[in-house]
Amino acid sequence: MNLRQKTISTETQNPKVSRDTKPLGSDVNRADARILLAHRLVQAGILISILWKLKFFLHATAVYRSIELIDPFFPSFWRSNSVLHISFVGVVAAATLNLITTSSSIRKTCNLASITGLSILCTHQASYNDATFVTAWWCAIWSWWFGSRMNRDTPDQLLSKAAFLSRLIISMILLGGAVGKWTNEYWSGEVLYDIYFVDRDYWVFNFLRDQFSTEELKRIAMWHSRNVVMMETAAGLFLWTLSDRMAATAGILFLTSIAVFSNLLLFSVVGCLIALALVGYIPRDEP
Amino acid sequence: MTTVQKTVVRISRIADWVREDRSLACIIFSISVVLLWLVLTPLAAPIARQTMKRFHLKSESFIGWACQFPVPSMYNFANQYKVDSYPPGLISPLLDESEPRHLNHFPARCFTFADGRYEYLRLGKNQWFTLKSSYRGQELTSKFHLKPTLEYSNESTRKQYEVVRLTAPKE
């Protein structure tokens, strides 16, 4: 009896232990290395996103220390500089530890710590407006779910689910950007013209300002803005329907282009999403 | 296998996943709620209004505001801000100090976030901020007075401001 026949025989005798439902066991080291790679990729993405603007964050904290805002809208906890620092450092520590650990319990604790820290950063007076923390939060949610399934699903099944969830999250985030731009001010290019084309010190816009007149720049801004609206809408609506690799490729190209052609600081927002998209590339034995 | 058959297989596979994996089901449900909110934004004026209030830090409560953070809103709406060193209406428009500028999202960031806080508030003087968000014919305008408290003198390196909302929370 060869191996395949043995497997079929075992599954027939005990249908509950089938290929799709067989647990991996509690020892993480036995788990497929691809599973650990997927989880670590996303942790690295979160870490890159959070640390991408570290220099700015350090300057920002100095500003927050010297200029305090008493706004009753925010409870004092959500105005505290200490809370901001602890949350930030906590997320960095949790993602770093998650990169190196193979312990299931440490991984789960780190994922919960990341979600908690990022939830605070998403609602803190000093950081609520930074989209970095929202994209990283969704990646942390993905990580928490993935971490909780590592010893339950087969590697192939888990990677299939993970790739689907990653492109669903990326689609939702892109659609979130698109919906808010379905308005005349974006279709006419007025908003992006003022934000980027007037005085933004970045190679694309410096080059365009050198080459074109104001009227021409407004026209370029209009077509650029329309392109952004249409691309984001298309990606938001259809990215999740693509196959794993197609979605990963499209997602990575689109997210990278956003940062490269607008502002390198945006890698802090899209960095973790690029890592999330990379999960779609991790090979599986099953189609 | 045709495209339709492939789609049916995919959907049934996702349905199987959701049935056997409750945490995945919870996340997909949360994403569905966010997607519903997003799809309704251009269709239902109150939804867009809520997001505008969220952007202006004028939601009915902090909890209500904080619950919206998972909804992605990058570069949403046409948001403008204007900063003045004099109370609104005190000087003639001819002497107006600044032109309104656009911001990507959360226009209140012009005084809460580090760069704006440093640019406009480092001197410890009174500042008035006008924020305006527009979306498909809807508009929300808010005025804020950033009022230095008496605890710190102008010479001090530390400044403290009280954020005073000049417009009523319910528009």
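Note that this is a predicted model, so its numbers are computed, not measured. To find a chain, count down the sequence lines: A is the first, B the second, and so on, and within it residues start at 1.
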Closest-packed option against chain A by number of heavy-atom pairs under 4.5 Å, given B/A48, B/S59, B/G137: B/S59
Is it the case that over 12 heavy atoms from other parts of the model lie below 6.0 angstrom from the CH2 atom of A/W240? no
Run the side chain to side chain contact (heavy atoms under 4.5 Å, CB included) test against A/Y202 and tell me which residues pass, sequence neighbours left out. A/R200, A/V204, A/F205, A/L264
To the nearest 0.5 Å, what is the distance between CE on B/M74 and CD1 on A/I258? 8.5 Å
Interface check, chain B: of A/T183, A/V63, A/L69, most non-hydrogen pairs under 4.5 Å belong to A/L69
Structural part of B/N79 lying under 4.5 Å from a heavy atom of chain A: neither
If you tally heavy-atom pairs under 4.5 Å between each of B/I14, B/L146, B/N104 and chain A, the highest tally belongs to B/I14
Scanning both residues in full, the closest heavy-atom pair of B/Y135 with A/G180 reads CE1-O, 3.6 Å
Answer key: most heavy-atom pairs under 4.5 Å with chain A among B/R109, B/R101, B/Q80, B/Q68 is B/R101
Region of B/F55 in contact with chain A, defined by heavy-atom distances below 4.5 Å: neither
Interatomic distance, A/L237 atom CG to B/L35 atom CG [nearest 0.5 angstrom]: 9.5 Å
Contact leader toward chain A among B/V71, B/I28, B/V34, where contacts are heavy-atom pairs under 4.5 Å: B/V34
Between A/R152 and B/E20 (salt bridge meaning N to carboxylate O under 4.0 Å), is one present in this structure? no
Within residues 184-197 of chain A, which residues come under 4.5 Å of chain B, heavy atom to heavy atom? A/E185, A/Y186, A/E190, A/V191, A/L192, A/D194, A/I195, A/Y196
Starting at CG of A/L168, measure out to OG of B/S32 and round the result to the nearest 0.5 Å. 7.5 Å
Would you please test B/H102 and A/V198 for side chain to side chain contact (heavy atoms under 4.5 Å, CB included) and show each step? CA-CA 11 Å; B/H102 281 93; A/V198 172; over 6 Å; no
Would you call A/D71 and B/R165 a salt bridge, using N to O less than 4.0 angstrom? yes
pair A/I141-B/I27: side-chain heavy atoms closer than 4.5 Å: yes
Given A/W145, A/W144, A/F73, the one with more heavy-atom pairs under 4.5 angstrom with chain B than any other is A/F73
With a 4.5 angstrom heavy-atom cut-off, could you sort out which part of A/W137 is near chain B: side chain, backbone, both or neither? side chain
Top residue by heavy-atom pair count (under 4.5 Å) with chain A, among B/E162, B/R117, B/R136? B/R117
Among A/C122, A/G236, A/A60, A/P72, the residue with the most heavy-atom pairs under 4.5 Å to chain B is A/C122
Report yes if the side chains of B/F69 and A/L121 come closer than 4.5 Å at any heavy-atom pair, otherwise no. no
Report, as yes or no, whether the 6.0 Å neighbourhood of atom CE on A/M246 holds more than 12 heavy atoms from other residues, nucleotides or ligands. no
Provide the closest heavy-atom pair for A/V179 versus B/L38 in the form atom of the first, atom of the second, distance. CG1-O, 3.3 Å
Part of A/F74 within contact of chain B (heavy atom distance under 4.5 Å): both
Is A/K161 paired with B/D16 through a side-chain N to carboxylate O contact shorter than 4.0 Å? no
Let me know if B/S61 has heavy atoms under 4.5 Å from chain A in its side chain, its backbone, both or neither. backbone
So which part of A/S243 gets closer than 4.5 Å to some heavy atom of chain B, the side chain, the backbone, both or neither? both
Verify the neighbour count for atom NZ of B/K147: are there more than 12 heavy atoms of other residues, nucleotides or ligands below 6.0 Å? no
Highest number of heavy-atom pairs under 4.5 Å with chain A: which of B/D21, B/I31, B/N76, B/D115? B/D21
Does B/F62 have more than 12 heavy atoms from other residues, nucleotides or ligands lying within 6.0 Å of its CZ? yes
Side chain, backbone, both or neither: which part of A/V228 has an atom under 4.5 Å from a heavy atom of chain B? neither
Is the closest side-chain heavy-atom distance between B/F106 and A/D130 below 4.5 Å? no
Looking at A/E68 and B/R158, is any side-chain nitrogen of the basic one under 4.0 Å from a carboxylate oxygen of the acidic one? yes
Sequence neighbours excluded, the answer for salt bridge (Lys or Arg N to Asp or Glu O under 4.0 Å) partners of B/R22 is none
Straight-line distance of B/S30 OG to A/W138 CH2, nearest 0.5 Å: 5.5 Å
Verdict with reasoning, A/I70 to B/V163, per side chain to side chain contact (heavy atoms under 4.5 Å, CB included): CA-CA 6 Å; A/I70 308 296; B/V163 180; over 6 Å; no
Take B/L24 and A/R149 through the side chain to side chain contact (heavy atoms under 4.5 Å, CB included) test and state the conclusion after the steps. CA-CA 9 Å; B/L24 181 69; A/R149 301 299 299 185; over 6 Å; no
Donor-acceptor pair, side chain of A/N129 and main chain of B/A108, under 3.5 angstrom: no
Any luck finding a side-chain donor-acceptor pair between B/T112 and A/Y128 under 3.5 Å? yes
Any idea which heavy atoms bring B/Y75 and A/K181 closest together, and the distance? O-CG, 3.3 Å
Do A/S66 and B/R122 have side chains that approach each other closer than 4.5 Å (heavy atoms only, starting at C-beta)? no
Tell me, do B/P70 and A/V134 make a side-chain contact under 4.5 Å, heavy atoms counted? no
So side-chain hydrogen bond (donor to acceptor under 3.5 Å, both in side chains) across residues 165-174 of chain A, not counting sequence neighbours, yields A/R167-A/D244
B/R10 (side chain) donor-acceptor with A/T241 (main chain) under 3.5 angstrom: yes
What is the ring orientation for B/F113 with A/Y64, classed by angle as parallel under 30°, tilted 30 to 60°, or perpendicular over 60°? tilted
